[in-house]
Amino acid sequence: MTTLEKTEAESLQAVSPRVVYLNEYKKPDYQLDSVELRFELDETCTRVYSRLIFRRAPEADAQAPLKLDGSHLELRSLKLNGETLKPDSYMLDDEQLLIQNLPKNFELEVGTHINPQANTALEGLYLSSGMFCTQCEAEGFRRITYFPDRPDVMSRYSVTVVADKQKYPVLLSNGNKQDAGELDDGRHWVRWQDPSLKPSYLFALVAGDLASREDSFTTMSGRKVSLQLFTEAENIHKCEHALMSLKQAMKWDEDTYGREYDLDVYMIVAVNDFNMGAMENKGLNVFNASCVLASSETATDQDYYRIQSIIAHEYFHNWSGNRVTCRDWFQLSLKEGFTVFRDQTFSADLNSPAVQRIDDVNVLRAHQFSEDAGPMAHPVRPDHYIEISNFYTVTVYNKGAEVVRMLCNILGREGFRKGTDLYFSRHDGQAVTTDDFVKAMEDANTVDLNQFRNWYSQAGTPELVINENYNADARLYSLTIRQHCPPTPGQVEKKPYHIPLAMGLIGINGKALSSILENTKANTAKPEHMLALTKPEQHWTFSGVDEKPVLSLGRGFTAPVKILLPYDNEALAFLFAHDPDEFNRWDAGQKLAINIMLKLIDDYHTGKDLRLEASFIEAYRLTLNNKDLDKALVAQALSLPSESYLADQCEIVDVDAIHKVREFIRQQLAESLADDWLRVYEENDVNATYHFSAQDMAQRSLKNLCLSYLLEQDNGKHRQRCLSQFQNSDNMTDVLAALSIFNQHDMAERQQALDAFYDKWQHDRQVVEKWFSIQAGSSLAGALKRVQTLMRHPVFSIKNPNLVRSLIGRFCAANPVNFHLSDGSGYRYLADQVLALDGLNPQIAARLLQSLSRWRRFDTMRQILMREQLERIAGHPGLSKDVYEIASRSLEG
Ligand code: BES
Ligand code: ZN
């Protein structure tokens, strides 16, 4: 075996890792005709045998070597066409196996040993609560065996799993069970055959002592599919909701996209240790237990909602991701952006469309806009990376979904469906690019989407500046919009975007005004128009406008842009009360709240007394008492913008001022509307059995919002109310709402409730995660100390991603006043955890570190403290690529 000597250049690479570029993409030289795998499972030494049939690509050079990826592997045997390969005919290092002098067609047999127990990164094959499971996306398969671990190598797999029968009675892999048997040493085996073409990242294997729930679904062509959900026996009563959601998703994809499931069995496994939420492995999804298991006593409405959408998301990948997959990882949004759009539409169709849309936009504004404005900004289709795991971002996912939504808005639902039909039929079984997706949209609709492609290649959030004019004599209204996209790292100048913008005009009495959009083909008066903004500056004229209108622009949030409306608080309050578009009505309320908050932050800085405008309180009173509105919308409308979104609107972020002002407004609203909060609370406090439905959820969310305002008042009766809800509710939504409210107040009930909650639920790890998370999110003083104490709690383990996210992640990302303590203790704590985690689980460490990336947004003193910790991390020897990339970009950007 030739172990390559490290040259100086290569050891330098160990310090600054290799960057992968989109424009260096090359097709693979060898394609794989078939894959046969045999796993002999053992906790510390699993043996993996593979038999791979390769074929040289027609356009490849005859001398081309075969490059196989591999890491954390022990190579035990290597045969080419049945003959053991001599050490001088291949090269091996800790990332690659390179084989030269190969015939056109050949068979390769590789034997490797791996150690699942030592695998704390949770990529490849690992152990979770005594069961074996795998996670291969994006580049985890290379931790299982030497393999062309890239998504444009698709093949058919046959997999034999061998394991101790007592410990691992259930043995699963992708596809259909073909055969099974027993060995005479107490082991048994199962052979799985997957008839579909798949890339290595969709491979999965699970082995364990698992219970299962079964159901079935009959597809539109009449095939009966068996649905199976596997979990530890103690959780078997928590499977119902996921199975129901799966059937809803299967039906919806048939109805909405004409897409049918293709295998005879669809399996889902719940695991306790998982880096992400869930994974769409072909026919064998693996789910983070917290994203699939639910019972009304242990899961909240939010959990139910999320489970429904994530089950759907992974199911939808069967077409958008699996049958049509990505050519390379720069194309990640091809499957993730599109699939998020699909799951958002699904949730909207099954629940409340306006509520779903508002949630989508909240995520985008609070997280994606800020990513776009910071050192990690990147296009929906990134063009370089060091570690691909760092690019599973809100930009690739959520902005990617908005880009697909814009296509749908531009082409209309029918045109969009024509486009997806063509895309799926043209590329079934292929690994393609985001450009192929846009091309299918163009070809199916004979339109030119060339300018639209800028959405994929340019980073940053475009800003729209609006000017308007009304000519009463001519009954003409005119609108001028300028677009501009601020520079992002590596991209200073931006080309203009193609932006679809839905708009309408509203009359003084709150009624929609019809108008004719001049210079368009359809010359009829309409209450709503879809504008196509394509130039840096563009002008529209509307005729037949009977009175001076109020503009409602960007209805339904048709494009991921910032709209700078020239409106004062009065106009915003008018839109908040009257806009016929539910989304824009909510949005006007948010903009109004932001204006008021920014003004109060100013007052706070200049030492003025804080005072809340009566008109704002009045606007809230009207909304709270508006019986025509969906209750969930009322609850959303009366929720103030988050501290983090508010922070993004500030020149220099002052976390304390933001927190103080937000609390001040909540106080004022609580007192001024005291009777209203109480009345609406009582009206909605109906003690019915728990039911997951849009209506019931809406009622609970409004009730619990009222309760949170009630507790802002110093009133023993309200405390009693909250305590009684905490003690007597039989559903986790209401219990957790009460507990979360106590958690933000320094009162005796707080610790009592936290203790009682733990006592009752200590046996249920998903509930215990909530218990950690709540405490990490308390804005009361001393949170860091409490978090550090909780890290020593016997249940806490830094090896479990859910616990790390609940405790450390929540503290650093969602407790600004405590994390940003002016002595820098929060930053030091974070850096300590990142360094401790980096040796165990680099993906989780890198995610955590992102809380420091926007350090330039803070005051000089905090900038220095944050940068100090970033530098401390960056200077640490032996960093993972994951953490290195985030630390170095944060320091450069
Ligand atoms: N393919 C991803 C899971 C994944 C991401 C695995 C990165 C490995 C690395 C899956 O389809 C996904 O996107 N899951 C999301 C949830 C979804 C509802 C957005 C997740 O896990 O957060
Ligand atoms: Zn996904």
Side-chain angles (χ1 to χ4, degrees), residues 121-126 133-143 149 151 198-204 242 245-246 249 253 268-271 273-292 302-326 329-348 356 359-360 363-364 367-368 380 382 385 387-402 404 801-802 805 809 841-844 846-847 850 881-882:
L122 314 185
E123 289 177 274
L125 180 71
Y126 63 94
C133 60
T134 55
Q135 172 53 43
C136 295
E137 187 179 0
E139 301 184 327
F141 195 79
R142 61 190 62 189
R143 287 171 170 253
D149 191 15
K198 70 163 176 286
S200 54
Y201 83 87
L202 291 173
F203 166 82
S245 305
L246 179 56
D253 213 17
I268 294 175
V269 184
V271 305
D273 303 272
F274 202 68
N275 283 347
M276 302 288 292
M279 178 63 208
E280 71 266 24
N281 315 304
K282 185 76 188 189
L284 177 56
N285 288 183
V286 174
F287 270 64
N288 188 323
S290 71
C291 293
V292 57
Q302 261 186 14
D303 295 330
Y304 273 81
Y305 200 94
R306 177 154 171 77
I307 289 167
Q308 187 184 52
S309 90
I310 190 162
I311 288 271
H313 177 100
E314 306 311 336
Y315 173 73
F316 297 156
H317 269 317
N318 192 54
W319 274 96
S320 50
N322 299 5
R323 292 187 64 134
V324 183
T325 197
C326 303
W329 292 116
F330 296 105
Q331 317 300 327
L332 183 58
S333 196
L334 174 79
K335 74 177 180 82
E336 295 302 348
F338 185 21
T339 305
V340 169
F341 171 66
R342 276 149 60 70
D343 83 53
Q344 289 177 346
T345 324
F346 165 80
S347 294
Q356 173 66 34
D359 284 344
D360 297 342
V363 169
L364 200 78
H367 304 289
Q368 201 280 322
V380 168
Y385 61 75
E387 171 53 61
I388 184 57
S389 300
N390 286 330
F391 287 82
Y392 286 73
T393 59
V394 271
T395 298
V396 166
Y397 273 66
N398 300 69
K399 185 176 180 182
E402 293 301 322
V404 175
N802 286 6
R805 274 187 284 258
N841 190 330
Q843 277 185 28
I844 301 292
R847 284 217 178 244
Q850 304 237 12
K881 290 199 281 181
D882 310 58

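Counting convention: from 1, in listed order, for ligands and their atoms alike. The analysis underlying the following values was restricted to heavy atoms, covering all of them including side chains, and did not include hydrogens, waters or symmetry mates.
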Enquirer: Are Asp882 and Arg847 within salt-bridge range, i.e. N to O under 4.0 Å?
Expert: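 Salt bridge between Asp882 and Arg847, a charged N being under 4.0 Å from a carboxylate O: no.
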Enquirer: Would you call the rings of Tyr392 and Tyr397 parallel, tilted or perpendicular, where under 30° means parallel and over 60° means perpendicular?
Expert: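 Plane angle between 30° and 60°, so tilted.
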Enquirer: For the Zn ion (ligand 2), which N, O or S atom of His313 is at the shortest distance?
Expert: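 Closest to the Zn ion (ligand 2) among those atoms: NE2.
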Enquirer: Just checking: Glu314, one of its N/O/S atoms, less than 2.8 Å away from the Zn ion (ligand 2), yes or no?
Expert: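 No, Glu314 does not qualify, because none of its backbone or side-chain N, O or S atoms lies under 2.8 Å.
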Enquirer: Can you name the residues that come within less than 4.0 Å of ligand 1, going by heavy atoms only?
Expert: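 Correct list: Gln135, Glu137, Met276, Gly277, Ala278, Met279, Glu280, Ile310, His313, Glu314, His317, Lys335, Glu336, Tyr392, Tyr397.
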Enquirer: In terms of side-chain geometry, is the basic nitrogen of Glu139 or Arg142 positioned less than 4.0 Å from the acidic oxygen of its partner?
Expert: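 The answer is yes: the pair qualifies as a salt bridge.
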Enquirer: Under 6.0 Å between the ring centres of Phe330 and Tyr385?
Expert: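 Yes, they do, as the ring centres are separated by less than 6.0 Å.
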Enquirer: Suppose we only allow N, O or S atoms; which atom of Glu336 ends up nearest to the Zn ion (ligand 2)?
Expert: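 This residue's closest N, O or S atom turns out to be OE1.
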Enquirer: Are the aromatic rings of Phe338 and Trp319 close, with centres under 6.0 Å apart?
Expert: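 Phe338 vs Trp319: aromatic centres not under 6.0 Å.
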Enquirer: May I ask you to decide whether Glu137 forms a salt bridge with Lys335, counting only side-chain N to carboxylate O separations under 4.0 Å?
Expert: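 So Glu137 pairs with Lys335 through a salt bridge.
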Enquirer: Any side-chain donor-acceptor pair under 3.5 Å between Tyr305 and Gln356?
Expert: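 Per modelled atom types, Tyr305 and Gln356 side chains form a pair under 3.5 Å.
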